[in-house]
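Have a look at the structure below, then the notes.
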Amino acid sequence: MNHIPTTVSVPVPQGLRPRCAEATCFVRSNTPVNGEYRLLTLDAPEAILDCQPGQFFQLLCPQPDGEHPFLRRPMSIYGYDKAEGRLEFLYKVTGAGTRGLATLRAGDAFNVLGPLGQGFSMQDDWQNLMLVARGVGLATLAPLARMAREKGRKLTAICSARSPELTMSVDLFESYGAEVIIVHDKDGSSTPEALRPLIEARIAKGDVDAFYTCGSSRLLRLLQDLGETHGIPGEIAMEQQMACGLGMCQACVRSFRVGGRVIQRRVCREGPVFPISEAM
Amino acid sequence: MNHIPTTVSVPVPQGLRPRCAEATCFVRSNTPVNGEYRLLTLDAPEAILDCQPGQFFQLLCPQPDGEHPFLRRPMSIYGYDKAEGRLEFLYKVTGAGTRGLATLRAGDAFNVLGPLGQGFSMQDDWQNLMLVARGVGLATLAPLARMAREKGRKLTAICSARSPELTMSVDLFESYGAEVIIVHDKDGSSTPEALRPLIEARIAKGDVDAFYTCGSSRLLRLLQDLGETHGIPGEIAMEQQMACGLGMCQACVRSFRVGGRVIQRRVCREGPVFPISEAM
Amino acid sequence: MRDLQTVDLSARVGALTFKNPIMPASGTFSEDLADVFDLDVLGAHVLKTIMHGTRTGNPTPRVCDMQAGMINAIGIPSKGIDYFRDEMLPYWAAFNAPLVVSISAHSVDEFAQLCSEVSLPGVTAIEANISCPNIEADGNAFAMRPDTTHEVVTRLRAATDLPLWAKLTPNTGEPVEVARAAQDAGADALVVANTMLGMSIDIDTRRPRLGNVMGGMSGPAVKPIALRMTYQCARACDIPVIGCGGISTLEDVLEFLIAGASAVQVGTATFQSPTVMARLITELEDWMTSRGLISLDQIINTLEAPNAGVFK
Amino acid sequence: MRDLQTVDLSARVGALTFKNPIMPASGTFSEDLADVFDLDVLGAHVLKTIMHGTRTGNPTPRVCDMQAGMINAIGIPSKGIDYFRDEMLPYWAAFNAPLVVSISAHSVDEFAQLCSEVSLPGVTAIEANISCPNIEADGNAFAMRPDTTHEVVTRLRAATDLPLWAKLTPNTGEPVEVARAAQDAGADALVVANTMLGMSIDIDTRRPRLGNVMGGMSGPAVKPIALRMTYQCARACDIPVIGCGGISTLEDVLEFLIAGASAVQVGTATFQSPTVMARLITELEDWMTSRGLISLDQIINTLEAPNAGVFK
Ligand SMILES: Cc1cc2nc3c(=O)[nH]c(=O)nc-3n(C[C@H](O)[C@H](O)[C@H](O)COP(=O)(O)OP(=O)(O)OC[C@H]3O[C@@H](n4cnc5c(N)ncnc54)[C@H](O)[C@@H]3O)c2cc1C
Ligand SMILES: Cc1cc2nc3c(=O)[nH]c(=O)nc-3n(C[C@H](O)[C@H](O)[C@H](O)COP(=O)(O)OP(=O)(O)OC[C@H]3O[C@@H](n4cnc5c(N)ncnc54)[C@H](O)[C@@H]3O)c2cc1C
Ligand SMILES: Cc1cc2nc3c(=O)[nH]c(=O)nc-3n(C[C@H](O)[C@H](O)[C@H](O)COP(=O)(O)O)c2cc1C
Ligand SMILES: Cc1cc2nc3c(=O)[nH]c(=O)nc-3n(C[C@H](O)[C@H](O)[C@H](O)COP(=O)(O)O)c2cc1C
Ligand code: FES
Ligand code: FES
């Protein structure tokens, strides 16, 4: 693991309560969720727990045997609770960094940087929300469930997975009063072609004021199309390789279509949440 | 820590029982001995326990916080017991590698390479042995005590330290029947000037057939001088920065005076034990 | 007596004096870091290289990991000179820390013109990035050769009255000759050095890990290269050298100062720990205090090198 | 069908065929390793560079640590040509694995003479170390420039009928031009590459960590440099390239093969784990088996590089 002392306090501009900070957390638990996913629960200091759904942290991953992740790894906030001092990440083990995360054991110290980026908005006239998520995208969208409940919005969550056993977070969505629709690849219910009539039926009932999604470009295109046809706005959380996570290095740009022009924006700073209509 | 799988078995030349091998050991304990020294006790496989006093291992040190030892670190064998599967090192914490060693906790896996180099010899006519050691040199000379007892030799150990509290291994020497003489800096008894008459008195009594020493160049010069004057042979264990520890890289050479010429020898291969008369 | 004296961290780089020797490396610093600590603690502010017109930069992925470092092929996305003058300069001019503006261009003419255009009130020095390996194919930049270095620095020198720093590349085989050429052409200081050209492949997809195939290595892995060049350049030149490459700890800072650097730039380390520069300033002060040192002069260029004579 | 085929690890390097692509790097291998594993499992044996006369090598300390690598200034201690012919050659000739003899010299004449003298029965190929950064001050070696490379390789070519490999340096700013010069002068293969010049300082003593002040970096930290050069040279030349630099894992071996290497040399990794080369051979075979690959041709030079066109 890399050596980042966090005890030295550094001067912070007058009046600025750091919007984000490096902090040492301690692992409460780090448990498998299903085949490929794990849930990491941390004891985190208050200072970093003013989070918004859709924001992320940059995690300094321990080095697994024989591998040497160097850059921090971006992870969406899966859960957070300031009163309880709790911070959660749901992650899929895919490479060196996430293999390193999987080695964390209860009691280990762990350095995180955040919260970072712009979270989801929930505009006042977005009363009926529809969320369409797949795979690790659920980690990013899950905190919307609590936010919707707190703001008294109605939430429908379409959870997509390879097979029914692999859906995640269904209980979490339901515990916040969301209606959950499970679709999967085995019976073909997760294809854009199958989803379209399902969503259109809801739209027809006036049940959809806004979409939220994450990741999959097939879902993005479907929702862009439906959104344009029916005049429904929405937000998408996007991913890109990152170095700094703060906006300094310009590693994480993606292209967006804005007012007829293609422009580049930093996923870590202007995002990771963007209007569905502008995403490419 | 670096990733060195030791489970893959590699082809070994027909009939060659490896003289040295990489092996994963497990830490039994790793405890402070006095101020600066620690004793590391390992559970070690039989295959690496055909050791000779004076030989060493190359230790793959864990990375302490914020430091990155890369090369293995050479350490003399302080104790070994094939029947018990035990291997011991006595080390002084001086830099990144030894700070890494200090982080080892009971139960940790730990990769070592050895035994390496040429150990001490104890020729048949060396019946009365005198050992002069200081500081970490004691770690290297300590196993001579058992060897002397096993071979029925008489051993006098002059243990030198900054102050009487800092002498080490006295019990160990005494448990093998050695006579221990403690000298130290506080009362000036450890200077070459003070040691010379002490040793000469023993020589006069016919009590010294051979010297053993280690490290200090002041002691080396004293023993070279006494050895030459009185025709007493002896051996010294030497140190040098190493990379491979096996004889391949030629990092660890030192100069020796042999038959009027100055030649270079590899400490890891031709040594670390050399005739006192040839050392420079 | 010693107790009465306080540590003076100030660093002289030619005619300029900075309150301490720690500054960011170009491309690894922006106003966004002000969210993390008070940027006025820094010795200076060094901005991402700007070019004259607007540019997009390289295709993504733009960064990847390596053992003990990273490789980047950001390129130089730039919003151009107007944006710099109208938006960026006013923001940075509000700080007390002096502003160093990094510039680059594809041709000598464009470089000189940009240099004169950025020589504005509020700018303390100009860093000429004559070494970015991503601008031209295979890392070929002005700073690869003494002749091209001399030519471009001569023109830049004529284009500005501000202190002019030339940032060198470790990709050249002639670092000392290039450093001397920059000095002879009138550079006030050398920044040593930029990134080392490297590459990484994803064995599963068999694709390069960077959209641009090759990119510049930075971080601890390249530190010994930058330190060696700092030592070579400091010995070969009379103008000050600013060390840059893999600096992340106090020991690293001290290595570069001992080798002859007058100040240092910190890049990649900020990505691992955004507060690192602020910490290094505190740690340097504490270290000097604990050793009774009161001035950087007691550290800079103090290598004890008995055999150093065999090197140029 | 596939089940009936077995993996063929054999590696072609010009006219030579090795039973697998794994061989040691010069200077990191000797008969001493025979204590650890059966050296006949290796694709070839590559010896420490020898020079004509006897030489002591550099002052100690000759090695030091760095993050993810090491720096060495061993120099070329050599027992000379007679010792090689009388003592070493008989020992190595007894193995089945082919013998590659590395040679070096300070002048073209001496180099050519040594080359002809080592062209003995039992020697399979000659590796010309025209790149060792410790021989001449500041890393200047023949392989720093295309003209000096061309000159020395031409003379070596004339001095031997054995396959001739030229070992390049990463310290040059013109790796592709140097590679082409070696090819044009008649080299049969390129070894890419030797160590990168670096430096390290002990801040407590303020002394260089190496007796020679500077030394050559090797190990994982330099891997992206060697990989980049391997890719550049393999694209620019028709003769085979042998990758070398920081290789310690199967992934590293595959990266170099995908980038265009026909075989690889493993150096520093053997210091961390003396059995690593034997393991890599087994792991490569297992990996190919698990993916249904039967020949290295299915791996070598298979980089998918859509943007590669922009690079030389
Ligand atoms: C804003 C944001 C939020 C994310 N939230 C989550 C989450 O909640 N749960 C989760 O499992 N994953 C999430 N990801 C993806 C996660 O960052 C990657 O899976 C992770 O970085 C992979 O690292 P690795 O070392 O295990 O894999 P490797 O493939 O070895 O990574 C190599 C490099 O590529 C980068 N990289 C690889 N995949 C991605 C990716 N999809 N996005 C960005 N960089 C990538 C890594 O950071 C690393 O630098 C998120 C990504 C972003 C940008
Ligand atoms: C054959 C042999 C046996 C040894 N036995 C012991 C022992 O039993 N107990 C003990 O405490 N020490 C012993 N030493 C010394 C021990 O190897 C060093 O103290 C240790 O390598 C320091 O590593 P470090 O990273 O903590 O220190 P650092 O000073 O950070 O080491 C930097 C580099 O220098 C090398 N180095 C530093 N000091 C020495 C030294 N004295 N000899 C050789 N290399 C050195 C290190 O291996 C490393 O490569 C022995 C050395 C040798 C050669
Ligand atoms: C993401 C990134 C972007 C960079 N952009 C620039 C740049 O625009 N101009 C420049 O001169 N150097 C640039 N550099 C090089 C750094 O300024 C510095 O010279 C190099 O990274 C070595 O220092 P480090 O190891 O401390 O990062 C960049 C480096 C990184 C990592
Ligand atoms: C200790 C040491 C000695 C070396 N001696 C030689 C040498 O004599 N001749 C040579 O061509 N290369 C020599 N090299 C360079 C290696 O052959 C190799 O090119 C370099 O170390 C990069 O590979 P690696 O990272 O796998 O070690 C030496 C390297 C080391 C570490
Ligand atoms: S990751 Fe650095 S700008 Fe987004
Ligand atoms: S350490 Fe390599 S030869 Fe001794």
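These numbers come from the heavy atoms of this one structure, side chains and all, not from hydrogens, waters or symmetry mates. Order of the sequence lines sets the chain letters (A, B, ...), proteins ahead of strands, with each chain counted from 1.
Between F89(B) and F57(B), the ring planes are perpendicular. Angles over 60° get that label, and only those under 30° would be called parallel.
The local environment of NZ in K79(D) is sparse, with at most 12 non-hydrogen atoms from other residues, nucleotides or ligands closer than 6.0 Å.
If you measure heavy-atom distances from Q58(B) to chain D, you find no contacts under 4.5 Å at all. Using a 4.5 Å cut-off between heavy atoms, L71(B) touches chain D through backbone and side chain atoms alike. Neither the backbone nor the side chain of S248(D) comes within contact range of chain B, judged by heavy atoms closer than 4.5 Å. Looking at Q264(B), the atoms closer than 4.5 Å to chain D (heavy atoms on both sides) all sit in the side chain, from C-beta outward. Heavy atoms of M66(D) lying under 4.5 Å from chain B belong exclusively to its backbone. Contacts of R269(B) with chain D are made by side-chain atoms alone, with heavy-atom separations under 4.5 Å and no backbone atom involved.
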Stepwise side chain to side chain contact (heavy atoms under 4.5 Å, CB included) check, D108(B) with F26(B): CA-CA 6 Å; D108(B) 286 356; F26(B) 291 90; over 6 Å; no
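Taking the side-chain contact (heavy atoms from CB on, under 4.5 Å) definition, one finds that C64(D) meets it with I71(D), S200(D), R209(D), L210(D), sequence neighbours left out.
Between chain B and the residues P274(D), G57(D), G27(D), P220(D), the most heavy-atom pairs under 4.5 angstrom are made by P274(D). Options Q240(B), Q250(B), M242(B), Q241(B) differ in how many heavy-atom pairs under 4.5 Å they form with chain D, and the most are formed by Q250(B). Listed options G69(D), A68(D), G219(D) were ranked by heavy-atom pairs under 4.5 angstrom with chain B; first place goes to G69(D).
The shortest distance between side-chain heavy atoms of H52(D) and I81(D) falls below 4.5 Å. In this structure the side chain of R38(B) reaches within 4.5 angstrom of the side chain of Y91(B), judged on heavy atoms.
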